[in-house]
There are 2 protein chains.
Amino acid sequence: MGKMELCPKIEAAMQLLGKRWMGLIIYVLLNGPQRFGQLESCLPISGKLLSERLKELEKWGIVKRQVYPEVPVRVVYELTERGKQMEPIISAIHQWAEHSFSEDDFPVEINKD
Amino acid sequence: MGKMELCPKIEAAMQLLGKRWMGLIIYVLLNGPQRFGQLESCLPISGKLLSERLKELEKWGIVKRQVYPEVPVRVVYELTERGKQMEPIISAIHQWAEHSFSEDDFPVEINKD
DNA sequence: ATACTTAATTACTAAAAGTAACTAAATATT
DNA sequence: AATATTTAGTTACTTTTAGTAATTAAGTAT
C-alpha cells in the first residue's frame with residue numbers, strides 16, 4: 001500500500017495542537033501576558049490541567065513563565081517568539097470558524113460528543 | 001476579575017482541532033479522497049478511533065463518506081467545501097512547524113509527554 | 001492564633017484512548 | 001461444502017488522560 005509518509009514536524013505540531021486546551025491557551029496569551037488566575041478564570045479549564053498544559057508549553061519553548069515573589073505570589077505567563085509566531089495559525093482557525101458557522105448554529109453541540 | 005469572554009465559534013473550532021488526530025486526518029484528506037484503509041495505514045491511529053473521528057468530522061460537515069458496495073466494500077472519505085476551507089489552518093501549522101523546529105531536533109520527545 | 005490570597009499539587013473519579021480479537025458480506029480457493 | 005480472504009468497521013477490555021474537590025505553602029493582615 002502507498003503508505004504516504006507524514007512529515008515529522010507537522011506530526012509534532014499536530015500532537016501539540018491536538019491536545020485539549022492548547023489552542024485556547026495560546027489564543028488567550030496572544031492578547032498579551034496573563035497571570036495564572038486570569039487564564040484559569042477566562043478558560044473553562046481546571047487549575048490542575050492548566051498548570052500541566054503551561055508546563056508543556058514551556059518545555060516546547062512556546063510560553064515563558066515569570067514569578068514575582070510578592071505579597072501573594074504572582075506568576076505571569078507570556079508567549080515567547082516561537083509562541084507569537086503561532087498567531088497565523090490561531091488567526092486562520094478564527095477566520096475559518098467565523099465564516100463556517102452561522103451565529104450560534106453549530107453542526108454539533110459544544111461540550112457534547 | 002476581567003474574565004474576558006471567549007468567542008463561541010473559535011471555542012468550538014478549538015474543541016474540534018484540540019482532539020487527537022483531527023488535524024492529521026484533515027491534513028491527509030487535503031491530498032484528496034482516501035479510503036478507510038489508506039487513512040488507517042498512513043496515520044498512527046487504530047481503526048476504532050479513526051472510525052469515531054471520521055463520524056465526528058461527518059457530523060461537523062467537514063468530511064463526506066461514500067460507500068461503494070463492491071467486492072470487498074470500499075468506503076471513501078473526502079473533505080466537503082467546509083473541510084477544504086480548512087486548508088489555510090493546516091498550511092499555517094505546517095509553516096510554523098517547518099521554521100520553528102530545526103531538522104529532527106524537537107523541544108520535546110514526540111510521543112512522550 | 002486565625003483568616004486571606006495566589007499558584008499550585010494531591011487524591012480520587014470519570015471519560016477517553018489504545019489494543020486485540022471479532023463480525024459481516026461477498027467472493028475465491030481447496 | 002467448507003475454509004480462507006478482503007475491507008470496514010465493532011466489541012470487550014486495559015491503560016492513560018481529564019475533571020473535581022480538597023489541601024498546601026508563603027506571606028501578610030485581622
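As a basis for the values below, the full set of heavy atoms in this structure was taken, side chains included, without hydrogen atoms, waters or symmetry mates. Proteins get letters first, then strands, A, B, ... in listed order; numbering begins at 1 in each.
- In this view, A/Arg53 and A/Glu56 satisfy the salt bridge (charged side-chain N to carboxylate O under 4.0 Å, His left out) rule, not counting sequence neighbours.
- A/Ile45 has its side chain out of reach of A/Leu24: every pair of non-hydrogen atoms, C-beta onward, lies at least 4.5 Å apart.
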Table of protein N/O atoms under 3.5 Å from nucleotides 17-27 of chain C N/O atoms:
{"unit_1": "C/dA17", "atom_1": "OP1", "unit_2": "B/Arg53", "atom_2": "NH1", "d": "3.3"}
{"unit_1": "C/dA17", "atom_1": "OP1", "unit_2": "B/Arg53", "atom_2": "NH2", "d": "2.9"}
{"unit_1": "C/dA17", "atom_1": "OP2", "unit_2": "B/Arg53", "atom_2": "NH2", "d": "2.6"}
{"unit_1": "C/dA17", "atom_1": "O3'", "unit_2": "B/Arg20", "atom_2": "NH1", "d": "3.3"}
{"unit_1": "C/dG18", "atom_1": "OP2", "unit_2": "B/Trp21", "atom_2": "NE1", "d": "3.1"}
{"unit_1": "C/dG18", "atom_1": "N7", "unit_2": "B/Lys48", "atom_2": "NZ", "d": "3.1"}
{"unit_1": "C/dG18", "atom_1": "O6", "unit_2": "B/Lys48", "atom_2": "NZ", "d": "2.5"}

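- Not counting sequence neighbours, the partners of A/Val75 by the side chain to side chain contact (heavy atoms under 4.5 Å, CB included) test are A/Arg65, A/Val67, A/Val73, A/Tyr77.
- Every residue two or more places apart in sequence or in another chain that forms a side chain to side chain donor-acceptor pair (under 3.5 Å) with B/Gln85 is listed here: A/His99.
- Using a 4.0 Å cut-off, some side-chain N or O of A/Arg35 falls inside it from OP1 or OP2 of C/dA7.
- With distances taken from any side-chain atom of B/Val75 to the nucleotides C/dT9, D/dG9, C/dA7, the minimum falls on D/dG9.
- As a whole-Å value, the separation of B/Lys55 NZ from D/dG9 C1' is 8 Å.
- What separates CZ of B/Phe36 from C1' of D/dA8 is a distance of 6 Å, to the nearest Å.
- Residues forming a side chain to side chain contact (heavy atoms under 4.5 Å, CB included) with A/Leu17 (at least two apart in sequence, or on another chain): A/Met86.
- Within the hydrophobic cluster formed by Ile, Leu, Val, Met, Phe, Trp and Tyr side chains joined at under 4.5 Å, directly or through other members, B/Val76 is accompanied by B/Tyr68.
- For A/Ser100, the side chain to side chain donor-acceptor pair (under 3.5 Å) criterion is met by A/Trp96, not counting sequence neighbours.
- The nearest whole Å value for the distance from the CG atom in A/Leu50 to the P atom in C/dT9 is 11 Å.
- Within the structure, no pair that satisfies the salt bridge (Lys or Arg N to Asp or Glu O under 4.0 Å) test touches residues 23-49 of chain B, not counting sequence neighbours.
- The rotation axes computed at either terminus of the helix from C/dA1-D/dT30 to C/dT30-D/dA1 lie 40° apart, taking five pairs at each end and rounding to 10 degrees.
- Side chains of A/Glu98 and A/His94 form a contact here, defined as non-hydrogen atoms less than 4.5 Å apart.
- Between the CG atom of B/Leu54 and the P atom of D/dA8 there is a distance of 11 Å, given to the nearest Å.
- Nucleic acid contact class of B/Tyr68 (heavy atoms, under 4.0 Å, all strands): none.
- Rounded to whole Å, atom P of D/dT28 lies 15 Å from atom CZ of A/Arg74.
- Between A/Leu43 atom CG and D/dA18 atom P the separation is 15 Å, expressed in whole Å.
- Phosphate proximity of C/dA7 to A/Ser51: absent, as no side-chain N or O sits under 4.0 Å from OP1 or OP2.
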